[in-house]
*Asks:* 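Structure in structure tokens, see below.
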Amino acid sequence: MIDASLVRKIRRRLLSWYDNHGRDLPWRRTDDPYAIWISEIMLQQTQVETVQPYYQRFLKRFPDVGTLARARLDTVLKQWEGLGYYGRARNMHKAAKVVVQDYEGQVPTTSEGLMALPGIGRYTAGAIASIAFGRCEPILDGNVIRILSRLFRYDQDPKSPEAQERLWDWATRLVPKGRPGAFNQAMMELGATVCHRQNPSCLLCPVATLCQARHHGEQHLLPKRVKRKARPCHTIAVGIVYKRGRILIDRRKPEGLLGGLWEFPGGKQEPGESLEETVKREVKEELGITVSVKRHLITIHHAYTHFEIELHAFLCQHMRGTPVCHASTAVKWVWPKDLERYAFPGANKKIFQALDLT
DNA sequence: AACACGGGGAC
DNA sequence: GTCCCAGTGTT
């Protein structure tokens, strides 16, 4: 399937192509392991174009691992706001503290050392070790899976354990001792700019003549795709609770969905319940206060990975009770102009931007 | 092995 | 609408 001369050809062609056609990306202009680490975390399940502005701002705000370790989680989450998968920010913050306390501020240089840090798995460890420290470690991401599946005409479900083992093995055999970081980035670059999911540009591909899927005209069929389950839709109602010009917000628990972010109090509609009743009940359960629901403000549709929501916002008046945290970890009355100081989920931001609350 | 975890881009 | 994106952690 893969002999020494084939390996040499793939390495040589890919590296040469990358040297000539690789994009000029911000994280390719640095050799700072911390900066490369940030980029790799942000790039998990997130496209290059989306990451770039976040990467620049984050590094400006937290220029080194010590600064990040000393920062408050709230500040870190605010910088991450809108990027999604907020567990990445929480883990990154946690890992920065570990690096400062246990490693004298030096990012571990081995794949094993890196993988011991929260938020760094096999892919990210290989990426940082090879790119920042020149270690001969393989990587396997969505791009590499696509390229290897096509190059070797592999038609099994790439998520299966057997497939993972085989794909990691191929990646390990291919990565060269000489320029492991450049080679790994070349694979991802090829996947992102040439070997597309649909309509791969085989005429531009440096390894097209070596590609077995291409040889059989099956490049568009690989890697094998598996059907996804349908996403359920939930109906949510939240209260914009005003009191003397200020609005009530609370902070979600530190783990799980949107952990650590701020939001307007509210929750899921239950069977047989009106939306107004939902708001009243949820606000009471969440913060122990009684509100009067004044009027419907806006409806927002928002899709998450495993479900969708129809989010209704209601203007409410505070009637009685002092807000106390039950389901949340903090609660605050804030002036509308100060809302932007807190990190909110996208669906909540849509509410106060559409209403021009700030 | 299966699922939770965001938001946006491409078609 | 669907699929995917420089994946990781939990159960």
Side-chain angles (χ1 to χ4, degrees), chain A residues 22-23 25-28 36-55 77 80-92 94-95 114-132 138-147 157-164 167-168 171 181 183-193 195-199 220 223-233 252-261 263 300-309 343-350:
Chain A
R23 288 170 293 181
L25 300 172
W27 43 89
R28 293 187 178 154
I36 291 166
W37 175 17
I38 301 287
S39 75
E40 288 301 338
I41 301 298
M42 288 187 169
L43 285 160
Q44 288 168 6
Q45 296 291 287
T46 311
Q47 297 181 159
V48 164
E49 292 305 320
T50 305
V51 165
Q52 295 206 44
Y54 282 91
Y55 172 82
L77 285 172
W80 210 271
E81 183 186 40
L83 198 52
Y85 283 150
Y86 299 93
R88 293 183 294 177
R90 301 193 297 268
N91 281 333
M92 182 91 216
K94 207 182 294 179
L114 287 159
M115 250 199 295
L117 295 172
I120 298 185
R122 193 169 174 187
Y123 161 79
T124 306
I128 299 173
S130 63
I131 298 169
I139 58 162
L140 189 68
D141 74 329
N143 292 303
V144 178
I145 288 172
R146 193 162 57 253
I147 290 168
D157 170 14
K159 300 290 182 206
S160 73
E162 313 84 71
Q164 284 287 306
L167 291 161
W168 273 106
F183 179 83
N184 285 338
Q185 291 186 86
M187 292 278 276
M188 296 190 283
E189 188 77 355
L190 190 72
T193 64
C195 197
H196 303 117
R197 179 167 57 96
Q198 291 162 322
N199 301 319
H220 61 293
K224 179 178 180 179
R225 300 206 253 287
V226 286
K227 285 233 172 167
R228 294 193 183 183
K229 284 193 288 188
R231 289 182 296 206
C233 186
R252 297 174 64 91
K253 284 178 298 200
E255 321 84 20
L257 183 70
L258 306 168
L261 272 63
E263 65 180 7
I300 303 282
H301 293 270
H302 195 79
Y304 294 91
T305 310
H306 296 290
F307 60 92
E308 297 173 21
I309 61 169
F344 283 88
N348 275 251
K349 283 206 91 161
K350 284 184 193 169

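First the proteins, then the strands, lettered A, B, ... as listed; each starts at 1.
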*Asks:* How long is the span from the NE2 atom in H301(A) to the CD1 atom in I309(A), to the nearest 0.5 Å?
*Replies:*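 With rounding to 0.5 Å, NE2 (H301(A)) is 10.0 Å from CD1 (I309(A)).
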
*Asks:* To the nearest 0.5 Å, what is the distance between CH2 on W80(A) and CG on L261(A)?
*Replies:*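 Spacing of CH2 (W80(A)) from CG (L261(A)) equals 12.5 Å.
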
*Asks:* Tell me: NZ of K159(A) to C1' of dT8(C), nearest whole Å?
*Replies:*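 In whole Å, dT8(C) C1' lies 12 Å from K159(A) NZ.
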
*Asks:* Can you tell me how far C1' in dC3(B) sits from the matching atom in dA6(C), rounded to whole Å?
*Replies:*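 Each nucleotide's C1' atom is 22 Å from the other's.
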
*Asks:* Using only heavy-atom distances, decide whether a donor-acceptor pair under 3.5 angstrom links the side-chain of Y85(A) to the base of dG6(B).
*Replies:*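 Indeed there is one.
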
*Asks:* Distance check: side-chain N/O of H302(A) vs OP1/OP2 of dG7(B), anything under 4.0 Å?
*Replies:*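 Indeed, a polar side-chain atom of H302(A) lies that close.
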
*Asks:* Counting side-chain heavy atoms from C-beta on, which of dC3(C), dG7(B), dA6(C) comes nearest to R23(A)?
*Replies:*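 So the side chain of R23(A) is nearest to dA6(C).
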
*Asks:* On DNA chain C, compare the nucleotides closest to M115(A) and R28(A); which residue's is nearer the 5' end?
*Replies:*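 The residue whose closest nucleotide sits nearer the 5' end is R28(A).
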
*Asks:* For a quick check under 3.5 Å, do Q44(A) and R88(A) share a side-chain donor-acceptor pair by atom type?
*Replies:*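 No - no donor-acceptor pair under 3.5 Å links their side chains.
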
*Asks:* Check for me whether the distance between the ring centres of Y304(A) and H306(A) falls short of 6.0 Å.
*Replies:*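 Between Y304(A) and H306(A), the centre distance exceeds or equals 6.0 Å.
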
*Asks:* For Q47(A) and T124(A), take the nucleotide of DNA chain C holding the closest heavy atom to each; which residue's nucleotide lies nearer the 5' end?
*Replies:*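 Residue closer to the 5' terminus by nearest nucleotide: Q47(A).
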
*Asks:* Round to the nearest Å and state the distance from R122(A) atom CZ to dT8(C) atom C1'.
*Replies:*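 R122(A) atom CZ is separated from dT8(C) atom C1' by 14 Å.
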
*Asks:* Which whole number of Å gives the distance between the P atom of dG8(B) and that of dG9(C)?
*Replies:*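 My reading of the P atoms in dG8(B) and dG9(C) gives 24 Å.
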
*Asks:* Say we look at dC3(C) and dG6(B): how far apart would their C1' atoms be, to the nearest angstrom?
*Replies:*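 Those two atoms are separated by 15 Å.
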
*Asks:* Suppose you measure atom C1' in dT8(C) against the same atom in dG9(B); what distance do you get, rounded to whole Å?
*Replies:*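 It comes out at 22 Å once rounded to the nearest Å.
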
*Asks:* Name the residue closer to the 5' end of DNA chain B, choosing between F344(A) and H306(A) according to the nucleotide with the nearest heavy atom.
*Replies:*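 With F344(A) and H306(A) compared, the 5'-side residue is H306(A).
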
*Asks:* Could you tell me how far apart Q45(A) (CD) and dG6(B) (P) are, to the nearest whole angstrom?
*Replies:*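 Rounded to whole Å, this separation is 12 Å.
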
*Asks:* Evaluate the side-chain proximity of M42(A) to M92(A): yes if any heavy-atom separation is below 4.5 Å, no if none is.
*Replies:*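 When only atoms from C-beta onward are counted, M42(A) and M92(A) do not touch, as no gap falls below 4.5 Å.
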
*Asks:* Within this structure, what is the CG-to-C1' distance between L83(A) and dA6(C), rounded to whole angstrom?
*Replies:*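 Answer to the nearest Å: 13 Å.
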
*Asks:* Name the nucleic acid region contacted by V144(A), choosing base, sugar-phosphate or nothing; use a 4.0 angstrom heavy-atom cut-off, strictly under.
*Replies:*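 Answer is nothing: V144(A) stays at 4.0 Å or more from every strand.
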
*Asks:* Identify whether any heavy atom of Y304(A) sits under 4.0 Å from a base atom; if not, whether one sits that close to sugar-phosphate; answer base, sugar-phosphate or nothing.
*Replies:*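 Counting heavy atoms under 4.0 Å across all strands, the contact made by Y304(A) is with sugar-phosphate only.
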
*Asks:* Mind calculating the distance between CZ (R228(A)) and C1' (dG1(C)) to the nearest angstrom?
*Replies:*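 After rounding, the gap between these two atoms is 13 Å.
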
*Asks:* Round to a whole Å and report the spacing from CD of Q198(A) to P of dC4(C).
*Replies:*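 Going from CD in Q198(A) over to P in dC4(C) covers 8 Å.
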
*Asks:* Within this structure, what is the CD1-to-P distance between I120(A) and dG9(C), rounded to whole angstrom?
*Replies:*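 The distance from CD1 of I120(A) to P of dG9(C) comes to 9 Å, rounded to the nearest Å.
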
*Asks:* Answer yes or no: side-chain N or O of T305(A) and base N or O of dG7(B) forming a donor-acceptor pair under 3.5 Å.
*Replies:*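 There is none.
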
*Asks:* Taking only the side-chain nitrogens and oxygens of Y86(A), find out if one of them lies under 4.0 Å from OP1 or OP2 of dG7(B).
*Replies:*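 Yes, because at least one side-chain N or O of Y86(A) sits under 4.0 Å from OP1 or OP2 of dG7(B).
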
*Asks:* CG/L190(A) to NE2/H196(A) distance, rounded to the nearest 0.5 angstrom?
*Replies:*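 With rounding to 0.5 Å, CG (L190(A)) is 9.5 Å from NE2 (H196(A)).
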
*Asks:* For W27(A), report the nucleic acid contact type (base, sugar-phosphate, nothing); a contact means any heavy atom under 4.0 Å.
*Replies:*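 Counting heavy atoms under 4.0 Å across all strands, the contact made by W27(A) includes a base.
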
*Asks:* Applying a 4.0 Å non-hydrogen cut-off, can you work out what G259(A) is touching in the nucleic acid: base, sugar-phosphate, or nothing?
*Replies:*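 Nothing, no nucleic acid heavy atom in range.
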
*Asks:* Expressed as a whole number of Å, how far does the C1' atom of dG7(B) sit from that of dT10(C)?
*Replies:*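 So the two C1' atoms sit 22 Å from each other.
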
*Asks:* Output yes when at least one side-chain N/O atom of R146(A) is less than 4.0 Å from OP1 or OP2 of dC5(C), else no.
*Replies:*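 For dC5(C), OP1 or OP2 has a side-chain N or O of R146(A) closer than 4.0 Å.
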
*Asks:* Return the nearest nucleotide to the side chain of T50(A); candidates are dA6(C), dG9(B), dG9(C).
*Replies:*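 Shortest atom-to-atom distance from the side chain points to dG9(B).
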
*Asks:* What is the distance from CZ of R88(A) to P of dA6(C), rounded to the nearest Å?
*Replies:*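 After rounding, the gap between these two atoms is 12 Å.
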
*Asks:* May I ask you to decide if P158(A)'s main-chain N or O and Q164(A)'s side chain share a donor-acceptor pair within less than 3.5 Å?
*Replies:*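 Here the side-chain-to-backbone pair exists.
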
*Asks:* Can you tell me if the side-chain N/O atoms of K227(A) get under 4.0 Å from OP1 or OP2 in dT2(C)?
*Replies:*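 For K227(A), the contact criterion (side-chain N or O under 4.0 Å from OP1 or OP2 of dT2(C)) is not met.
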
